[in-house]
Number of protein chains: 2
Amino acid sequence: MIASIPTKDRILDAAEKLFGTDGFEATSLRDITTAAQVNLAAVNYHFQSKDSLIEAVIARRIEPVNRKRLERLDAIGENPTVEQILTAYLSPLFELDFEAVLPLMGRVHSNPEQFVDRVYRRHLSAVVERFRTVLRRALPDLPDDEMWWRLHFSIGAITHVLCWGRILPAVTDGLCDISDRGALIRRAVQFLAGGFRAAATVHGNT
Amino acid sequence: MIASIPTKDRILDAAEKLFGTDGFEATSLRDITTAAQVNLAAVNYHFQSKDSLIEAVIARRIEPVNRKRLERLDAIGENPTVEQILTAYLSPLFELDFEAVLPLMGRVHSNPEQFVDRVYRRHLSAVVERFRTVLRRALPDLPDDEMWWRLHFSIGAITHVLCWGRILPAVTDGLCDISDRGALIRRAVQFLAGGFRAAATVHGNT
DNA sequence: GTCTATAACGGGATAGAC
DNA sequence: GTCTATCCCGTTATAGAC
């Protein structure tokens with residue numbers, strides 16, 4: 001052991017970084033214990049299995065984010081604007097680290113088959129439901145189905161930034177800057193609010 | 001061999017389905033050859049490795065989509081609306097099968113580290129560049145950096161639908177219907193066009 | 001709690017008969 | 001082109017000493 005950080009936390013730190021960059025299946029316990037500079041068997045001692053480790057890594061990050069989301073939603077009062085609601089949802093996420101933890105969140109959001117039960121149903125669905133209710137008050141003319149679609153479009157837009165964040169500057173000749181988080185949140189909120197406010201036509205089978 | 005479909009195509013069909021639902025790492029060659037009802041060694045005969053198989057599976061679907069995208073972009077004339085441009089980009093994608101091929105496309109779009117070279121740079125960047133140029137003419141007041149961000153928000157929104165498509169009805173009590181593709185395309189285009197048209201404020205370091 | 005050593009297994013890939 | 005059999009490696013997980 002090199003630093004004074006407990007073994008369990010060293011494993012969590014290394015795992016979340018590697019899971020984020022390489023994916024859950026592609027990351028072996030050996031990769032994790034090597035990066036964390038702990039013994040291989042420590043993973044199965046502190047966590048019971050790789051699967052439990054994955055759950056622990058995710059829960060450690062999602063729970064504080066969701067707590068802040070609900071706090072900020074409560075803080076903006078009874079009749080917030082769409083922009084305020086979206087900011088309450090997004091800002092706790094984008095305060096996290098783009099190198100280590102945001103890629104992990106991206107993985108979680110883009111693997112429904114793997115995580116819909118252990119993440120969406122357990123950690124996310126109640127929060128989404130709260131925000132959906134508030135958004136419905138802010139956009140009373142939007143039909144329920146359209147609201148759901150737009151929520152998913154929005155979550156997808158954000159998920160993509162989580163997944164691609166670190167390499168966005170490279171594929172856009174430096175035009176996409178991820179260092180200014182306040183600006184990034186405002187950009188996202190403006191775009192998504194524009195989408196939520198777009199006219200919703202009735203869709204038939206044409 | 002049960003049907004008359006050539007072995008090579010049987011492998012591609014089974015692989016794209018399994019890659020889409022389970023992911024690339026989680027799908028073994030044994031899974032694929034069992035589903036395709038072909039011999040294990042056939043994969044290494046027709047393709048050289050699992051990695052080459054992955055590339056072949058992706059290229060088979062992406063290339064026709066991109067050809068149609070450019071055809072439809074050409075077909076809408078010199079000064080198309082934002083809605084027309086977005087429809088030209090999205091419609092060839094959403095004509096594909098939500099059970100087999102769209103989940104695969106979702107995987108590809110949400111794994112930048114794995115696919116930025118073999119997919120984005122090879123198959124996608126030229127097409128995105130064409131659409132970015134046309135969009136810039138349709139939205140002359142939008143700064144270049146904002147354009148890039150909004151393109152990525154849009155691609156993310158769509159990617160999310162590709163990844164989550166099959167289970168969206170389940171998590172929304174049936175409100176999200178993916179069977180009517182025309183309606184889905186129109187919904188997405190309306191949302192994204194609203195986002196692209198949103199006012200873009202200048203972002204400082206506040 | 002932490003280590004070494006190893007079990008038990010499944011993975012990709014290939015040799016060689018047909 | 002297609003098959004069987006097998007090699008060789010990396011994986012998760014655990015047993016047992018310290």
Side-chain angles (χ1 to χ4, degrees), chain A residues 1-60 104 107-108 111 113-115 117-119, chain B residues 1-60 104 107-108 111 113-115 117-119:
Chain A
M1 174 121 50
I2 282 182
S4 61
I5 302 169
T7 298
K8 196 167 177 177
D9 294 320
R10 301 168 66 82
I11 294 171
L12 286 170
D13 291 342
E16 89 174 346
K17 189 158 190 170
L18 289 166
F19 286 154
T21 54
D22 301 335
F24 296 99
E25 281 88 2
T27 302
S28 70
L29 296 183
R30 283 175 171 82
D31 295 334
I32 294 167
T33 52
T34 302
Q37 293 185 278
V38 300
N39 188 274
L40 174 61
V43 171
N44 280 317
Y45 176 78
H46 288 285
F47 310 88
Q48 288 68 33
S49 62
K50 182 181 180 179
D51 222 52
S52 304
L53 172 62
I54 292 175
E55 300 216 8
V57 166
I58 295 168
R60 180 173 74 141
L104 171 86
R107 297 261 172 207
V108 170
N111 281 278
E113 289 79 10
Q114 198 173 3
F115 295 115
D117 286 321
R118 68 169 70 168
V119 176
Chain B
M1 174 120 54
I2 282 181
S4 61
I5 303 169
T7 298
K8 197 168 177 176
D9 294 320
R10 299 168 66 81
I11 294 171
L12 287 170
D13 291 342
E16 88 174 349
K17 189 158 190 169
L18 288 167
F19 286 154
T21 53
D22 300 336
F24 296 98
E25 282 87 3
T27 302
S28 70
L29 297 183
R30 286 171 172 84
D31 293 335
I32 294 168
T33 54
T34 302
Q37 293 185 279
V38 301
N39 188 273
L40 172 61
V43 171
N44 280 318
Y45 176 79
H46 288 285
F47 310 88
Q48 287 68 34
S49 62
K50 182 181 181 181
D51 221 53
S52 305
L53 172 62
I54 292 175
E55 301 216 8
V57 166
I58 295 168
R60 180 174 74 141
L104 172 86
R107 297 260 171 207
V108 170
N111 281 278
E113 289 79 12
Q114 198 173 3
F115 295 114
D117 287 320
R118 68 170 68 169
V119 176

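Just so it is clear: chains get the letters A, B, ... in the order the sequence lines come, proteins before strands, and each one is counted from 1.
Side chain to side chain, A:Asp31 and A:Thr34 fail the donor-acceptor criterion of an N or O pair below 3.5 Å.
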Problem set entry | Protein proximity profile, nucleotides 11-18 of chain C - base contact B, sugar-phosphate-only contact S, no contact -, cut-off 4.0 Å on heavy atoms | BBBB----

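Not one N or O on the side chain of B:Asp13 forms a donor-acceptor pair closer than 3.5 Å with the backbone of B:Arg10.
B:Tyr45 does not carry B:Lys8 over the face of its six-membered ring by the limits of under 6.0 Å from the centre and within 45° of the normal.
Salt bridge status for B:Glu25 with B:Arg107: absent, with no side-chain N to carboxylate O gap under 4.0 Å.
Between D:dT2 and B:Thr7, a contact under 4.0 Å exists linking OP1 or OP2 to a side-chain N or O.
Between the CG atom of A:Asn39 and the C1' atom of D:dA13 there is a distance of 13 Å, given to the nearest Å. Rounded to whole angstrom, the span from the CZ atom of B:Arg10 across to the C1' atom of D:dT2 amounts to 13 Å.
Residues A:Arg118 and A:Asp51 form a side-chain contact, since some pair of their non-hydrogen atoms from C-beta on lies under 4.5 Å apart.
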